[in-house]
Amino acid sequence: MSPVNNDPSSGTAGGGMSLTRKELRARERFLATQNHNVVPVPEATPGEAAPSAEVEPELPRPIPAVQPEPATPPTPVAPPTPIAPPTPVAPPTPAATPSPAGEPVDPEVHAAQVLGGPEGHHEDLHKEDVHVHEVSEHETNEHDHSDHAAADHGDIHDVHDQHEFAAHDDHYQLDIHEELHDDVHLHDEHHHDFIAPAASPASKAAAKKARRRRRVLALLITLGVFVAAIAIGAQFLKPLLGMDRVTDYPGPGTGSVTITVPEGSGPKAVANELVQNRVVADSDAFVEAFLSEGGELSPGDFTFRTEMKNSDAVAVLVNKDAGKVMYFALSAGLRINESLEAISKGSGIPIQQLNALNQAPAQFGVPAKAKNLEGFLAPGEYRFELGTSAKDIIQKLVTTTLDELKAQGVTDPAKQYDTVTIASIVQAEGGQADYGNVAGAIYNRLKPNNVETSGLIQSDATVTYGLGKKSFHLTEEEKADKSNAYNTYANVGLPVGPIGSPGKTAIDAAAKPTQNEYLYWVTINLDSKETKFSKTLAEHNTYVEQYNAWCQANAGRCV
């Protein structure tokens with residue numbers, strides 16, 4: 001087959017036509033994307049030097065789907081005249097770095113760089129010229145064979161064009177140089193995208209830095225994803241592990257909450273009530289703070305705020321701020337003289353001044369039947385600014401009790417006095433859990449048609465109050481003494497007045513008693529406050545025996 005149609009290093013198309021500028025540019029783009037720098041070179045003809053190994057491949061052209069026809073055997077031709085080998089040239093130098101902007105570029109030098117070397121490609125072009133002349137001499141004899149060869153490559157050209165190409169070989173060389181010259185400008189316009197300059201140490205360092213930056217960035221992204229996964233997982237694990245439980249409020253809290261601390265109550269019971277009323281967040285944390293403070297728990301009513309810090313709530317219970325204010329605490333069930341002594345001690349007001357106010361109760365708004373303030377000084381924890389007058393202090397305590405009576409619907413002054421009297425008996429007689437039943441039994445006894453009681457309350461606490469002492473045991477003579485105005489064994493109905501300061505729970509029970517048929521009650525355990533109720537005297541006596549047995553087992557507790 002003719003070398004003109006088969007040599008891939010030739011600057012012409014498969015049919016012998018010169019490549020157009022567009023085809024040359026397509027060839028450049030193809031080589032840039034395929035990164036092919038070396039292609040197989042056909043063997044040289046006898047007497048001809050081997051072509052340069054750095055000749056760039058020609059851009060493949062689509063081959064039409066043509067069925068091959070049997071080729072006619074070519075007419076034998078004489079072998080071409082041997083051509084003297086070209087003068088040896090130096091090996092091609094590495095591609096030069098593109099000249100800076102503004103400097104002139106030698107078109108031929110640049111063309112040599114584009115086509116694989118400064119001289120090697122020109123040598124190949126001269127070799128192609130020789131092949132062209134050989135084809136021209138034998139063109140007529142190989143006309144039919146050339147047509148079939150052109151069909152195999154998908155290029156069918158006119159024989160006249162081949163002769164014209166051979167005749168104008170010099171013009172073809174000039175055209176190649178013009179195309180290459182144009183390519184120099186095209187190469188500059190496209191920022192040297194086709195042939196990259198040889199890598200310099202600076203470019204290698206820059207590439208290394210870029211790789212290092214990519215590795216650091218990948219590491220940071222991986223670390224960020226890992227931290228995010230841990231954070232998200234922790235949100236799911238917190239509820240399962242109890243880590244989201246609030247153990248303390250930030251404080252200082254809002255509003256006002258009154259908590260009653262019963263006699264003998266422990267820190268854990270108080271903590272539970274504080275949690276139920278949203279005073280503190282966690283009972284265990286509060287108990288720990290209370291025990292670390294080393295204070296003692298006193299009975300009475302204490303005023304807190306909602307959502308307090310544990311330390312602030314503990315300070316209220318142990319009276320930590322007593323030195324900054326006038327502070328005192330009144331326990332439920334205290335008698336009037338005990339209450340006035342506590343007020344005097346906490347406020348510094350002389351007891352004589354307080355007793356004078358106690359003997360003139362009308363100025364504080366209590367019912368007219370009241371001879372003193374007994375039963376109307378509300379229990380609880382109080383703090384007053386330094387310098388607060390005694391009258392203002394007493395008025396605050398009395399107003400608290402009257403407001404509670406009104407809240408329970410007791411507004412008539414006479415009924416208020418009776419309710420406070422019954423509440424004081426309930427406070428002294430019953431366990432806290434049985435206030436409602438004790439109040440119901442008292443009202444049952446006050447009914448005049450009851451055969452067993454005949455209107456007698458028969459309360460030991462009322463008798464001891466009239467005697468001016470505190471005891472759980474009374475003699476038969478003491479129970480029969482009608483001269484004692486507070487003796488409910490000998491005198492029908494209510495005593496002449498309250499026998500102590502009832503707390504809020506006792507007032508509420510007296511205002512709204514539990515409906516029952518009980519007539520008797522007795523506390524059989526002074527520690528647990530367990531109280532037994534019965535409808536008959538015989539049943540009641542069996543419970544009294546249980547009380548006496550407890551007193552024998554706990555010597556000194558029942559006197």
Would a 4.5 Å heavy-atom cut-off, applied to side chains only, mark [X] and [Y] as touching?
{"X": "I442", "Y": "W521", "answer": "yes"}
{"X": "F304", "Y": "L274", "answer": "yes"}
{"X": "E478", "Y": "L467", "answer": "yes"}

Margin query: Given the ring of Y417, does K369 sit roughly above its face, with NZ or CZ under 6.0 Å from the centre of the six-membered ring and within 45° of the axis?
Written below: no
Check: Does R383 make a cation-pi contact with F328 (under 6.0 Å, within 45 degrees of the axis)?
Finding: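 Negative - R383 is either too far from the ring of F328 or too far off its axis.
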Identify each donor-acceptor pair in which a side-chain atom of residues 209-217 lies under 3.5 Å from a protein atom, sequence neighbours left out, and give them as a table.
none

Notebook entry, point to check: What residues, two or more places apart in sequence or in another chain, satisfy ring pair (Phe, Tyr, Trp, His ring centres under 6.0 Å) together with F286?
Noted result: none
Hey, is [atom1] on [X] packed in by over 12 heavy atoms from elsewhere, all under 6.0 Å?
{"X": "Q359", "atom1": "CD", "value": "yes"}
{"X": "E288", "atom1": "CD", "value": "no"}
{"X": "K268", "atom1": "NZ", "value": "yes"}
{"X": "K479", "atom1": "NZ", "value": "yes"}

Between [X] and [Y], does any side-chain N to carboxylate O distance fall below 4.0 Å?
{"X": "K504", "Y": "D508", "value": "yes"}
{"X": "E338", "Y": "K470", "value": "yes"}
{"X": "K529", "Y": "D434", "value": "no"}

Next item on the list: Taking Y489 for its side chain and D481 for its backbone only, find out whether a donor-acceptor pair lies under 3.5 Å.
Entry: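 No.
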Margin query: Main chain of Q458, side chain of T462: is a donor-acceptor contact present, judged purely on distance under 3.5 Å?
Written below: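 Not at all, since once roles are kept as given, no pair shorter than 3.5 Å links the two residues.
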Under 3.5 Å, sequence neighbours excluded: what are the donor-acceptor pairs made by side chains of residues 339-353?
from : atom 1 : to   : atom 2 : distance (Å)
S339 : OG     : R335 : O      : 3.3
S344 : OG     : I349 : O      : 2.6
S347 : OG     : I343 : O      : 2.6
S347 : OG     : I349 : N      : 3.2

Notebook entry, point to check: Step by step, would you call V261 with F302 a side chain to side chain contact (heavy atoms under 4.5 Å, CB included)?
Noted result: CA-CA 8 Å; V261 179; F302 298 87; 3.5 Å; yes
Note to self: Evaluate Q408 against K512 for side chain to side chain contact (heavy atoms under 4.5 Å, CB included), listing each step before the verdict.
What the structure shows: CA-CA 8 Å; Q408 296 300 321; K512 297 177 180 179; 3.6 Å; yes
Under the side-chain hydrogen bond (donor to acceptor under 3.5 Å, both in side chains) rule, collect the residues that match up with [X], sequence neighbours excluded.
{"X": "E539", "result": "Y543"}
{"X": "E307", "result": "R278"}
{"X": "T306", "result": "T254"}

Next item on the list: Kindly determine whether T303 and V316 satisfy side chain to side chain contact (heavy atoms under 4.5 Å, CB included), including the steps that lead there.
Entry: CA-CA 8 Å; T303 302; V316 172; over 6 Å; no
